Amino acid sequence: MQDSDFLYQLDAAVLDAHSQRKSAENFASSIKKFIAYVEENSNSTCSLIHLCKEFHFQRRRFYDVINVLEALNFCKKTGVDEMVWYGRANFKKMLLQIKKSSIKEENNFDQCISISVLTVRFIKSFFTFNSQTINIKDIGNYLSRENGRTKTTTCKLYQIAHILEAASVVEKTIMPGEISLPEEYFRIEETQPKIPFTIEQLLNTPAPIKSMQQDSVLLDVDDLASHLAA
DNA sequence: AAATCCCGCCATTAG
DNA sequence: CTAATGGCGGGATTT
């Protein structure tokens with residue numbers, strides 16, 4: 001007997017055909033459980049299909065979750081049916097990077113709307129507009145201004161927001177369509193631990209750490225800090 | 001009616 | 001070729 005039966009469809013329908021009716025509740029809770037689990041086994045590779053089954057995700061949905069999480073560096077696909085979970089600390093580094101990049105306004109004439117790219121632009125919007133709360137509808141219009149595909153873009157933004165809310169990186173407001181980025185993340189720079197540099201250390205630093213690099217390069221403050229600590 | 005987001009067809013890519 | 005991946009957006013549900 002083949003495994004192909006697992007392939008296309010779903011399973012989920014059979015499982016909760018009678019029990020739970022709140023499918024949205026299931027999706028969100030699956031994400032939470034999945035993250036809680038993988039958070040404990042950080043830095044070790046795991047099988048996507050296993051996780052998918054384990055937490056009762058519909059295959060197609062699981063790819064969505066992985067893609068938005070990977071776009072924010074929570075994890076990374078390391079091969080076919082394989083990924084590594086890095087966690088929130090790594091996400092914060094990405095957040096800082098996104099914040100830095102929010103300064104420049106790039107022209108995106110992208111034809112394809114990938115959920116990964118949209119995820120980053122979505123988060124980037126908080127910084128671009130320097131607002132802790134943004135409206136999905138507005139951002140949808142904004143991000144689709146070049147391609148006119150507002151419907152698809154907005155649908156995806158709802159999808160992304162839903163996943164990110166379950167992942168606790170974003171929160172819904174009482175206002176319809178309003179999404180907020182928690183202080184902790186919105187003020188990412190301020191919450192970065194102060195590096196206890198001493199005059200001596202700074203004087204002994206050979207050359208300017210951040211010379212003329214591409215601003216796309218992630219300057220790892222944590223690594224620098226631990227390096228000096230050693 | 002408007003806001004949400006479920007759902008899965010099928011094109012694309014990897015092996 | 002088969003299996004893994006994910007673009008895309010219609011339309012069912014909630015609010």
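Naming: A, B, ... by sequence-line order, numbering from 1 per chain. Here the structure is a predicted model, which is why all the values come from computation and not from measurement.
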A.B. asks: For N26(A) and dC7(B), give me the distance from atom CG to atom C1', rounded to whole Å.
C.D. replies: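 Taking atom C1' of dC7(B) as the reference, CG of N26(A) is at 15 Å.
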A.B. asks: Between atom NZ in K77(A) and atom C1' in dG15(B), what is the gap in whole Å?
C.D. replies: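 Taking atom C1' of dG15(B) as the reference, NZ of K77(A) is at 16 Å.
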A.B. asks: Closer than 4.0 angstrom, basic N to acidic O: yes or no for K77(A) and E70(A)?
C.D. replies: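 A salt bridge links K77(A) with E70(A).
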A.B. asks: What integer distance in Å separates F57(A):CZ from dT5(C):C1'?
C.D. replies: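 F57(A) atom CZ is separated from dT5(C) atom C1' by 16 Å.
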A.B. asks: Do the side chains of E54(A) and K33(A) get close enough for a salt bridge, i.e. N-O under 4.0 angstrom?
C.D. replies: no
A.B. asks: Using only side-chain N and O atoms of Y158(A), determine if any of them is under 4.0 Å from OP1 or OP2 of dT4(B).
C.D. replies: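 Answer yes for this pair, as a side-chain N or O of Y158(A) is under 4.0 Å from OP1 or OP2.
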A.B. asks: What is the distance from CE of M175(A) to P of dT15(C), rounded to the nearest Å?
C.D. replies: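 My rounded result for the distance is 17 Å.
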A.B. asks: Could you state the CE-P distance from M83(A) to dA4(C), rounded to the nearest angstrom?
C.D. replies: 17 Å
A.B. asks: Donor-acceptor pair, S131(A) side chain versus T133(A) backbone, under 3.5 Å?
C.D. replies: yes
A.B. asks: I need the CG-P distance between N135(A) and dA2(B), as an integer number of Å.
C.D. replies: 15 Å
A.B. asks: Collect all protein-nucleotide pairs involving nucleotides 7-9 of chain C in which both atoms are nitrogen or oxygen and the distance is under 3.5 Å.
C.D. replies:
unit_1, atom_1, unit_2, atom_2, d
dG7(C), OP2, I115(A), N, 2.9
dG7(C), N7, R60(A), NH2, 2.5
dG7(C), O6, R60(A), NE, 2.8
dC8(C), OP2, I113(A), N, 2.5
dC8(C), OP2, I113(A), O, 3.4
dC8(C), O5', R149(A), NH2, 3.1
dG9(C), OP2, R149(A), NE, 3.4
dG9(C), OP2, R149(A), NH2, 2.8
dG9(C), OP2, T152(A), OG1, 2.3
dG9(C), O5', T152(A), OG1, 3.4

A.B. asks: Starting at CG of D81(A) and ending at P of dG6(C), how long is that distance when rounded to a whole Å?
C.D. replies: 12 Å
A.B. asks: Output the rounded distance in Å from CG (L118(A)) to P (dG6(C)).
C.D. replies: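 Rounding to the nearest Å, CG of L118(A) and P of dG6(C) are 15 Å apart.
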A.B. asks: How would you list all residue pairs meeting salt bridge (charged side-chain N to carboxylate O under 4.0 Å, His left out) that involve residues 152-166 of chain A, not counting sequence neighbours?
C.D. replies: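 Sorted pair list: E165(A)-K172(A).
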A.B. asks: Is it true that the NZ or CZ of R145(A) lies under 6.0 Å from the centre of Y142(A)'s six-membered ring and within 45 degrees of the ring axis?
C.D. replies: yes
A.B. asks: For R61(A), which residues count as a salt bridge (charged side-chain N to carboxylate O under 4.0 Å, His left out) partner, sequence neighbours excluded?
C.D. replies: D64(A)
